[in-house]
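Let me begin by presenting the structure, written as structure tokens, before commenting on it.
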Amino acid sequence: MSVDDLNAVLRARRAKLEQLAEQGIAPFAYRFERTHDARHAVAALGGAAGDAPGPDVRVAGRLVSWRAHGKTAFAHLADPSGRLQLYFRRDELGEERYAALDLLDLGDVIGVEGPLFRTKTGEATVRVRAFELLAKSLRPLPFGKEEVVDGRAVLHSGFADAEQRSRQRYADLAVHPDVRELFIARSRMVSAIRRFLDARDYIEVETPVLQPLYGGATAQPFVTHHETLDMPLYLRIADELYLKRLIVGGLERVYEIGHDFRNEGIDRTHNPEFTMLEFYQAYADYRDMMSVVEALVVAAADAVRAEPSLAERVPVFEPPFPRVEWVRALNHALGVDAMALDASALRDAAERVGIEHAATLSRPKILDEMFQVLVEAQLDAPTFVIDYPRELSPLAKPKRGDPSLTERFELFARGKEMANAFSELNDPIDQRARFEAQAALRAAGDQEATGVDEDYLRAMEYGMPPAGGVGIGIDRLFMYLTGTAHIRDVILFPTMRPE
RNA sequence: GCGCCCUUAGCUCAAUUGGCAGAGCAAAUGACUCUUAAUCAUUAGGUUGUAGGUUCGAUUCCUACAGGGCGCACCA
């Protein structure tokens, strides 16, 4: 885009850039020594009563409002900690420097120096003695105007377009302090989870994102190609099989936080790449892992609640969470023994609860759909669903005492799956049989079925201790804790078509 | 992938039945030494998402395409 194509606003800013050059003012600085951020500057003035001047401060940030009155001007500077009012006077700055203020624009990054004082309306303000341009803003940020009504900031004419806010997250963050706070809270939550696991003697590991065989979940993968090896590689859909190899190797407690990739639809709760936490603990079973998950969710919630602007939104948990047995819950909701129904009775039951074309679905699929409608959707408070039917859980160990079930739990909250966990299968004979069943499905055209992972079987044949394993979707956990409806609002740069 | 809806100035939004495309903010010029959605005056800013069609005339009606939103499907 040439300068000729730019609109008048952009041209005006470029013109100022030239005037700055003529005056020998560098529009893009190297550094600025700060003594305070906005919040600490306000605190530094403290309760200084009346006209008592406060200390000198040097603060830097973005110019977000400007009110000129001839020979004086008020402005607000915003930094990550908040906003601070600035007061410019011609008689203090001198005519030349005061005139140079004309070359500033909203959105410029500036640094100022001067004493703090309180205006007659009581607002902590810097009486600017000197200012420096640190970065010229050549493109107007979509600032709204902020009005304070009953002590609360009300934004006028802001940056509302959901598409542009996601595409230009930098602008969204720049003009919306609450968006910054949300992503800061997400980072704090992830840090808290790391501390939680570290404190329990888990070690954080990194396993391959590019995998010759994908597995550990059922999903369409992204496929790429390595030139030198001349072979296809898949972006991982789960971390599971590599983490369990490490259990074989004697790393008894491991976790990984990273992106999984699934080549599927995009909607309110799905992004093609998303953040997954998986952790595995040798010599533990799924009941041990339930306790860990309860404590982990509490720790994550505490970390988010520590962000004051979000505190009210974060649910308070009181472990232990209720446990609901899969079969018993479904039968109770249905009023009959679902597992005992024959094929046609099951179809009729499914259609009564609103499942369409049940005739085309497999038995496990019908059961799963009925469970989703009748039970999962009703689970608002965090609840463990335990002991899934074997036919729904190809990756879990059979339940002790009832081989028709598996030792598996999922954690649900607000009707959404938060975590999925098993007593991990550690029998290589059984594992091979399950892989071969998958391979048969794949040969029959099921794109999501995986092949036989011989290397993983080799690892298991060396002997894998019993272990409990958990997967938790970090994006969804954070959505739940903050009451965020759309996954794109908790991912800094969600996947979108190019403009 | 399917259905419905949306796309107008840098931002937020108007525009009667198909009849000269408007406002606020932002911008430019001027006035103003405690303002805070500052105020006041003046000015500029548009190939109405793109390409076609119907019409004397299209922001408006039709078709296709692009991007987006919502729902469905897929995703245990």
Side-chain angles (χ1 to χ4, degrees), chain A residues 6-13 15-16 51 64-76 83-93 98 102 105-107 117-123 125 127 137-149 153-168 171 175 217-221 237-238 260-272 274 326 356-357 362 364-365 367-369 371-372 376 385 388-389 391-396 408 410 412 417 420 447-448 471 473 485-488 494 496-499:
Chain A
L6 300 177
N7 67 53
V9 177
L10 272 62
R11 280 201 303 272
R13 295 203 173 191
K16 288 180 183 178
D51 297 338
V64 295
S65 71
W66 185 256
R67 298 174 297 281
H69 301 78
K71 299 183 184 65
T72 65
F74 285 91
H76 274 97
R83 294 156 67 98
L84 182 62
Q85 185 167 250
L86 309 178
Y87 182 43
F88 298 90
R89 294 175 59 96
R90 192 171 76 167
D91 57 9
E92 287 190 38
L93 285 166
Y98 192 79
D102 285 344
D105 288 295
L106 292 187
F117 75 108
R118 217 171 270 290
T119 62
K120 73 179 186 191
T121 59
E123 182 167 350
T125 302
R127 184 182 297 260
S137 168
L138 293 176
R139 182 179 293 274
L141 277 166
F143 287 117
K145 288 209 159 190
E146 208 175 281
E147 178 188 21
V148 178
V149 178
V154 179
L155 205 61
H156 298 273
S157 301
F159 184 36
D161 185 271
E163 176 188 351
Q164 293 308 325
R165 289 179 61 182
S166 295
R167 285 190 192 283
Q168 300 187 38
V175 305
T218 311
Q220 288 280 352
I237 59 173
D260 287 348
F261 305 83
R262 297 184 183 176
N263 203 343
E264 285 157 358
I266 297 176
D267 66 21
R268 236 178 8 205
T269 55
H270 296 84
N271 195 63
F274 59 100
W326 197 97
E356 290 172 13
H357 39 264
S362 64
K365 189 74 188 163
L367 289 169
D368 190 35
E369 297 245 349
F371 189 82
Q372 284 181 23
E376 287 180 10
V385 174
Y388 281 64
E391 47 200 332
L392 290 178
S393 310
L395 300 166
R408 172 185 181 188
E410 293 197 355
F412 286 89
E417 178 190 338
N420 185 22
Q447 294 280 314
E448 292 187 346
H486 207 302
I487 197 169
R488 68 158 180 242
M496 300 184 82
R497 281 199 174 85
E499 284 175 275

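A, B, ... follow the sequence lines: proteins, then strands. Residue 1 opens every chain. Since the model is a prediction, treat every value here as computed from it, not as a measurement.
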Ignoring hydrogens, what is the shortest heavy-atom contact between A/F88 and A/A75? Give both atom names and the distance.
CE1-CB, 4.1 Å
Counting any heavy atom closer than 4.0 Å, what does A/A68 reach on the DNA or RNA strands: base, sugar-phosphate only, or nothing?
base
Might you point out which heavy atoms bring A/W326 and A/L392 nearest each other, and give the distance in Å?
CZ2-CD1, 3.5 Å
side-chain contact (heavy atoms from CB on, under 4.5 Å), that's the test. Do A/R83 and A/Q85 meet it? Break it down for me.
CA-CA 7 Å; A/R83 294 156 67 98; A/Q85 185 167 250; over 6 Å; no
Separation of B/A38 C1' from A/H76 NE2 (nearest whole Å)
12 Å
Whole Å only: how far is the CZ atom of A/R118 from the P atom of B/U35?
17 Å
Name the nucleic acid region contacted by A/T119, choosing base, sugar-phosphate or nothing; use a 4.0 angstrom heavy-atom cut-off, strictly under.
base
Mind checking A/Q164 for me? I need base, sugar-phosphate or nothing, with any heavy atom below 4.0 Å counting as a touch.
nothing
What's the closest nucleotide to the side chain of A/P142 if the choices are B/C11, B/G71, B/C34?
B/C11
Between atom CG in A/D102 and atom P in B/A27, what is the gap in whole Å?
12 Å
Proximal nucleotide (of B/C11, B/C70, B/U36) relative to the A/H486 side chain:
B/C70
Return the minimal non-hydrogen interatomic distance between A/F274 and A/R262, and the atom names on each side.
CZ-NE, 3.7 Å
Rounded to whole angstroms, how far apart are CG on A/D161 and C1' on B/G68?
8 Å
By the 4.0 Å heavy-atom rule, please label A/R90 as base, sugar-phosphate, or nothing.
nothing
Which nucleotide in the list B/U35, B/A26, B/U33 gets nearest to the side chain of A/L106?
B/A26
Watson-Crick or G-U counterpart of B/C4, or none if no pair lies under 3.5 Å:
B/G69
A/D91 or A/E410, whichever maps to the more 5' nucleotide of RNA chain B:
A/D91
If each of A/E163 and A/L392 is mapped to the nucleotide of RNA chain B with the nearest heavy atom, which maps nearer the 5' terminus, i.e. the 5' end?
A/E163
Which nucleotide, in any strand shown, forms a Watson-Crick or G-U wobble pair with B/A21, with both distances under 3.5 Å?
none
Start with the C-alpha distance between A/H76 and A/R67, add both sets of side-chain angles, then the distance that settles side-chain contact (heavy atoms from CB on, under 4.5 Å), and finish with yes or no.
CA-CA 9 Å; A/H76 274 97; A/R67 298 174 297 281; 3.5 Å; yes
Nearest whole angstrom, please: distance from the C1' of B/C72 to the CD of A/E264.
16 Å
Closest listed nucleotide, where the reference is the side chain of A/A160 and the choices are B/U12, B/A28, B/U36
B/U12
By the Watson-Crick or G-U definition, both distances under 3.5 Å, B/A37 is matched with none
For the student: nearest non-hydrogen atoms of A/V175 and A/L141, plus distance
CG1-CB, 4.1 Å
I'd like the P distance from B/U36 over to B/A26, given in whole Å.
14 Å
How far, in whole Å, is B/C13 from B/C61 if one measures between their C1' atoms?
24 Å
Separation of B/G68 C1' from A/I266 CD1 (nearest whole Å)
12 Å
Answer yes or no: does a side-chain N or O of A/R167 lie under 4.0 Å from OP1 or OP2 of B/G68?
yes
Base partner of B/U59, which must satisfy Watson-Crick or wobble distances under 3.5 Å
none
Inter-nucleotide C1' distance (B/U16, B/C74), Å rounded:
45 Å
Under a 3.5 Å limit on both distances, the Watson-Crick or wobble mate of B/U54 is none
Sub-3.5 Å pairs of nitrogen or oxygen atoms, protein against nucleotides 43-51 of chain B:
none

Can you find an N or O donor on one side and an acceptor on the other, under 3.5 Å apart, linking the side chain of A/Q85 with the base of B/U35?
yes
Whole-Å distance between B/A27 P and A/L138 CG?
15 Å
Sub-3.5 Å donor-acceptor pair from the side chain of A/Y98 to the main-chain atoms of A/E92, do we have one?
no
What is the separation between atom CG on A/L86 and atom C1' on B/U35, rounded to the nearest whole Å?
13 Å
Compare the minimum distances between each of B/C70, B/C34, B/U35 and the side chain of A/H69, then state the nucleotide with the smallest one.
B/U35
Relative to the ring of A/H69, is the ring of A/F74 parallel (under 30°), tilted (30 to 60°) or perpendicular (over 60°)?
perpendicular
Closest nucleotide among B/A27, B/U36, B/C34 to the A/R67 side chain
B/U36
With both distances under 3.5 Å as the test, what is the Watson-Crick or G-U wobble partner of B/U47?
none
Using the P atoms only, state how far B/U35 lies from B/G45, rounded to an integer number of Å.
35 Å
Under the side-chain contact (heavy atoms from CB on, under 4.5 Å) rule, what do A/E163 and A/M496 come out as? Steps first, then yes or no, please.
CA-CA 9 Å; A/E163 176 188 351; A/M496 300 184 82; 3.9 Å; yes
Distance, C1' atom - from B/U50 to B/U39, rounded to whole angstrom:
43 Å
A/R488 side chain, from C-beta outward: closest of B/A38, B/C70, B/A27
B/C70
Closest contact, heavy atoms only, A/S393 versus A/R408
OG-NH1, 2.7 Å
Choose from B/U35, B/G68, B/A26 the nucleotide whose nearest atom is closest to any side-chain atom of A/K120.
B/U35
What is the pairing partner of B/A28, taking Watson-Crick or G-U wobble pairs with both distances under 3.5 Å in any strand?
B/U42
Integer angstrom distance from the P of B/G18 to that of B/G24
28 Å
Say whether, by atom type as modelled, one donor and one acceptor occur between the side chain of A/E376 and the main chain of A/F371 under 3.5 angstrom.
no
A/R497 vs B/G68: side-chain N/O to OP1/OP2 distance below 4.0 Å:
yes
Which part of the nucleic acid does A/Y388 contact within heavy-atom distance under 4.0 Å: base, sugar-phosphate only, or nothing?
nothing
Does A/K16 make a side-chain N or O approach to OP1 or OP2 of B/A27 shorter than 4.0 Å?
no
Which nucleotide, if any, forms a Watson-Crick or G-U wobble pair with B/U16, using both distances under 3.5 Å?
none
Mind checking the C1' distance from B/G57 to B/A66? Whole angstroms is fine.
28 Å
Kindly say whether A/E123 contributes a backbone atom to a donor-acceptor pair with the side chain of A/T125 at under 3.5 angstrom?
yes
Of the listed nucleotides (B/G71, B/C34, B/A73), which one gets closest to any side-chain atom of A/D267?
B/A73
Between B/C20 and B/C56 - C1' atom distance, rounded Å:
15 Å
Checking contacts here: which listed nucleotide (B/G67, B/G10, B/U33) is nearest the side-chain heavy atoms of A/P140?
B/G10
